[in-house]
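Both counts, for ligands and for their atoms, begin at 1 and track the order of listing.
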Amino acid sequence: MPPPLPRILAVTSHLMPTFARVHLAFERGEGVWLVATNGDRYLDFTSGVAVNALGHAHPHLAAALAAQAQKLWHVSNLFDIPEDERAAQRLCEASFADVVFFCNSGAEAMEGAIKTARKYHSANGAPERYRIVTFEGAFHGRTLATLAAGGQKKYLDGFGPVVEGFDQVPFGDLAAVKRALGTQTGAILIEPVMGEGGVRVVEPGFLKALRELCDTHGLLLIFDEVQSGMGRTGWLFAHQRTGVTPDIMALAKALGGGFPVGAVLATHEAAKGMTAGTHGSTFGGNLLAMSAVNATLDIMLEPGFFERVQRTALVFKQKLAELKDRYPSLIAEVRGEGLLVGLRALIPAGDLVDALRAEKMLTVAAGDNVVRLLPPLIVSEAEIAEGVARLDRACAKLKAAHAPKQEVAG
Ligand SMILES: *Cc1c(COP(=O)(O)O)cnc(C)c1O
């Protein structure tokens with residue numbers, strides 16, 4: 001018998017306290033629902049931060065992973081892995097890309113994307129073109145280079161010299177991008193929809209302008225679609241709505257439907273420097289991860305999947321607009337694309353997240369005082385309506401709590 005789970009995690013935890021955790025634990029999930037250890041059912045509009053795109057315990061994913069677990073878990077990249085080939089081929093057929101590198105997380109995918117861009121210029125005889133223009137408020141991961149790319153002081157503080165080669169400009173400021181370009185610039189890196197930074201949608205015209213700048217100056221365009229990719233915005237990749245394609249793209253979060261896996265996608269040209277021995281990963285392309293990726297693609301690439309996400313998202317957005325009209329003192333704005341939705345709050349966003357949790361609904365805060373609503377993509381319209389009803393109850397309680405005190409008439 002294994003030892004029982006510790007009861008008072010908060011006091012006895014041996015985990016490094018890097019996360020300010022909510023002391024709530026779950027033992028199973030079904031679709032958009034999570035069941036807590038005390039039996040309470042929560043409506044999950046967080047999806048493990050945009051990871052569980054197909055909900056919890058999706059029968060096809062569970063069966064694929066279980067079947068693979070019986071056969072083979074890991075062989076390493078010393079050998080051919082046909083399941084990697086299959087996943088890579090499907091990702092390329094569905095995108096701008098010609099080649100894929102598999103890794104294990106979003107930060108690692110971004111590291112790979114950055115390395116691919118630097119190596120491209122080096123292979124072209126211009127190794128000095130290692131600098132990358134990035135945007136203020138962006139989030140690209142927690143490794144040393146991806147922290148430098150994001151440029152957020154609160155995350156960089158105390159971790160020594162900042163990795164060289166990233167130039168941040170204000171969000172949406174094309175003139176600033178142009179000013180930042182120099183003889184050492186090799187690439188521009190952007191999230192087509194900024195996730196952690198507050199669910200800020202980049203205008204298609206801005207992405208087009210970046211593409212033109214890259215083409216004019218021989219720069220590579222890198223999209224970080226770690227959060228916005230894999231169906232979250234109602235398209236397999238968020239940029240596909242805009243008609244602008246990158247040279248390199250990073251994926252992770254929903255790629256394995258909950259199994260940890262990341263990927264760097266690139267054109268042949270952009271990946272020209274990535275030859276044998278230039279990059280690697282022990283676990284990258286692991287068979288369990290690939291079975292999760294292929295199973296996720298089985299579902300997402302079925303005809304009608306994204307149309308359904310778009311329809312559900314439209315219903316959600318309409319209901320949220322009504323909610324905003326009912327609570328103008330609490331909600332300033334509904335923003336986002338598809339089911340990557342943000343409510344900019346007029347009270348601390350964390351208060352709304354807490355109030356929603358009291359209504360047994362899970363959401364997650366983002367920058368710019370935004371509450372992110374990230375239901376699994378398989379959410380039904382009835383479950384959307386249930387989510388909005390819980391939002392309404394939470395807002396009603398918050399409104400009462402924040403109402404100006406009435407003078408008691410004498
Ligand atoms: C979450 C995220 C990352 C980092 O992914 P990890 O798997 O946590 O390393 C990078 N970029 C974006 C846009 C993300 O949302």
Side-chain angles (χ1 to χ4, degrees), residues 16 18-21 46-53 101-117 132 134-152 154-156 159 163 166 168 171 187-202 207 221-233 235-239 246 248-265 281 283-284 286 289 292-293 296 335-342 363-368 370-374 377:
M16 204 180 280
T18 54
F19 298 102
R21 295 171 194 274
T46 297
S47 302
V49 193
V51 168
N52 305 99
F101 177 87
F102 285 112
C103 53
N104 314 287
S105 69
E108 217 186 322
M110 275 312 308
E111 286 274 339
I114 293 163
K115 286 181 72 177
T116 302
I132 300 179
T134 65
F135 292 85
E136 287 169 9
F139 182 79
H140 299 299
R142 299 290 200 131
T143 61
L144 290 169
T146 56
L147 280 179
Q152 297 199 41
K154 64 176 175 181
Y155 295 144
L156 285 161
F159 291 111
V163 172
F166 298 94
Q168 278 89 32
F171 180 82
I188 300 174
L189 162 61
I190 190 166
E191 296 165 75
V193 180
M194 194 182 262
E196 305 294 318
V199 191
R200 290 194 279 176
V201 180
V202 179
L207 291 182
L221 184 59
I222 308 173
F223 286 165
D224 180 347
E225 290 233 30
V226 168
Q227 185 156 165
S228 61
M230 298 311 290
R232 183 48 57 192
T233 65
W235 298 75
L236 184 57
F237 306 117
H239 71 263
I248 302 172
M249 173 169 73
L251 295 178
K253 288 202 164 87
L255 180 58
F259 200 93
V261 57
V264 186
L265 277 66
S281 161
F283 289 125
N286 167 283
V293 172
T296 299
R335 37 164 91 153
E337 195 64 53
L339 290 175
L340 178 44
V341 179
T363 59
V364 58
D368 208 18
V370 161
V371 175
R372 264 178 297 176
L373 305 172
L374 307 166
L377 306 182

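For R200, the salt bridge (Lys or Arg N to Asp or Glu O under 4.0 Å) criterion is met by no residue, not counting sequence neighbours. For the ring pair (Phe, Tyr, Trp, His ring centres under 6.0 Å) test, no residue two or more places apart in sequence or in another chain qualifies with F102.
Using a heavy-atom distance under 4.0 Å as the criterion, the protein contacts of ligand 1 are S105, G106, A107, F139, H140, G141, E191, D224, V226, Q227, K253.
Here salt bridge (Lys or Arg N to Asp or Glu O under 4.0 Å) pairs that include residues 136-151, with residues two or more places apart or in two chains, number zero.
Between atom CZ of residue R335 and atom CG of residue D368 there is a gap of 4.5 Å, rounded to the nearest 0.5 Å.
E111 and T146 make their closest contact through OE2-N, 3.7 Å (heavy atoms, listed as atom of the first residue, atom of the second, distance). Among all heavy-atom pairs drawn from V199 and L340, the shortest one is CG1-O, 3.5 Å.
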